[in-house]
Amino acid sequence: MTQFTEEVLVIIKGIPYGRVMSYGRVAKLAGNTRGARQVVRILHSMSEKYNLPWHRIINSKGKISITDKRNAAIQRELLISEGIKVSEDGYIDISTYGI
DNA sequence: GTGGTGACGGGCC
DNA sequence: AGGCCCGCCACCA
């Protein structure tokens, strides 16, 4: 467990209800501007056991970036259930819901 | 050691 | 917006 990883966990858990943040943004706040891919890894491996709001993480274009159709649909549902508007192809208005 | 692989980002059309 | 390209970096076979 590196320092960066801990920071990422704290930041992600700190994203308020109804807001979203991009991978790169999280990485930057955690202290590594180029750590977006590492954030992805952390989400993949720890989102379940650490109970992370992984659905509040989207890419810099404001779109759900998950390749797995199944999980992408789940993320969309979770966001909508938080009052966030998500278009059918997975776009979120980042200027409204972004941090 | 080594090469392929992403739930990515940014720059440039 | 969206496509293409390249840089990045931990992970895994």
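Excluded from the calculations below are hydrogen atoms, water molecules and symmetry mates; all remaining heavy atoms, backbone and side chain alike, are included. Numbered from 1 within each chain, the chains take letters A, B, ... in sequence-line order.
Put simply, CE on Met1(A) is 12 Å from P on dC11(C), counting in whole angstrom units. The separation between Asn71(A) atom CG and dG6(B) atom C1' is 15 Å, rounded to whole Å. When the P atom of dA7(B) is taken as reference, atom NZ of Lys61(A) falls 17 Å away, rounded to whole Å. One interatomic measurement links the two molecules: NE2 of His44(A) to C1' of dC9(C), which rounds to 15 Å at whole-angstrom precision. Distance Leu43(A) CG to dC11(C) C1': 16 Å, rounded to the nearest Å. Rounded to whole Å, atom C1' of dA7(B) lies 14 Å from atom CG of Leu52(A). Separating the NZ atom of Lys63(A) from the C1' atom of dA7(B) is a distance of 12 Å, rounded to the nearest angstrom.
Here Ala72(A) pairs with Ile64(A), Ile66(A) under the side chain to side chain contact (heavy atoms under 4.5 Å, CB included) rule; sequence neighbours left out. With sequence neighbours excluded, the residues forming a side chain to side chain donor-acceptor pair (under 3.5 Å) with Asp89(A) are Ser87(A), listed by chain and number. In this view, Thr96(A) and Asp93(A) satisfy the side chain to side chain donor-acceptor pair (under 3.5 Å) rule, not counting sequence neighbours.
Screening residues 25-35 of chain A for salt bridge (charged side-chain N to carboxylate O under 4.0 Å, His left out) gives no qualifying pairs among residues at least two apart or on separate chains. Every pair passing salt bridge (charged side-chain N to carboxylate O under 4.0 Å, His left out) that includes a residue from residues 36-60 of chain A is listed here, sequence neighbours excluded: Arg56(A)-Glu82(A). For residues 61-74 of chain A, there are no salt bridge (charged side-chain N to carboxylate O under 4.0 Å, His left out) pairs, not counting sequence neighbours.
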Please set out all donor-acceptor pairs under 3.5 angstrom arising from side-chain atoms of residues 3-14 of chain A, sequence neighbours excluded.
unit_1: Gln3(A); atom_1: NE2; unit_2: Glu7(A); atom_2: OE2; d: 3.1
unit_1: Thr5(A); atom_1: OG1; unit_2: Thr2(A); atom_2: OG1; d: 2.8

Symbol by symbol from the 5' end, with Watson-Crick or G-U pairs under 3.5 Å, [ ] crossing and | another strand, DNA chain B is .|||||.||||||
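The side chain to side chain contact (heavy atoms under 4.5 Å, CB included) with Tyr97(A) is formed by just one residue from the set Val20(A), Val86(A), Leu79(A); it is Val20(A).
Residues from residues 14-41 of chain A placing a heavy atom under 4.0 Å of any atom in DNA chain B, listed by number, are Ser22(A), Tyr23(A), Gly24(A), Ala36(A), Arg37(A), Val40(A).
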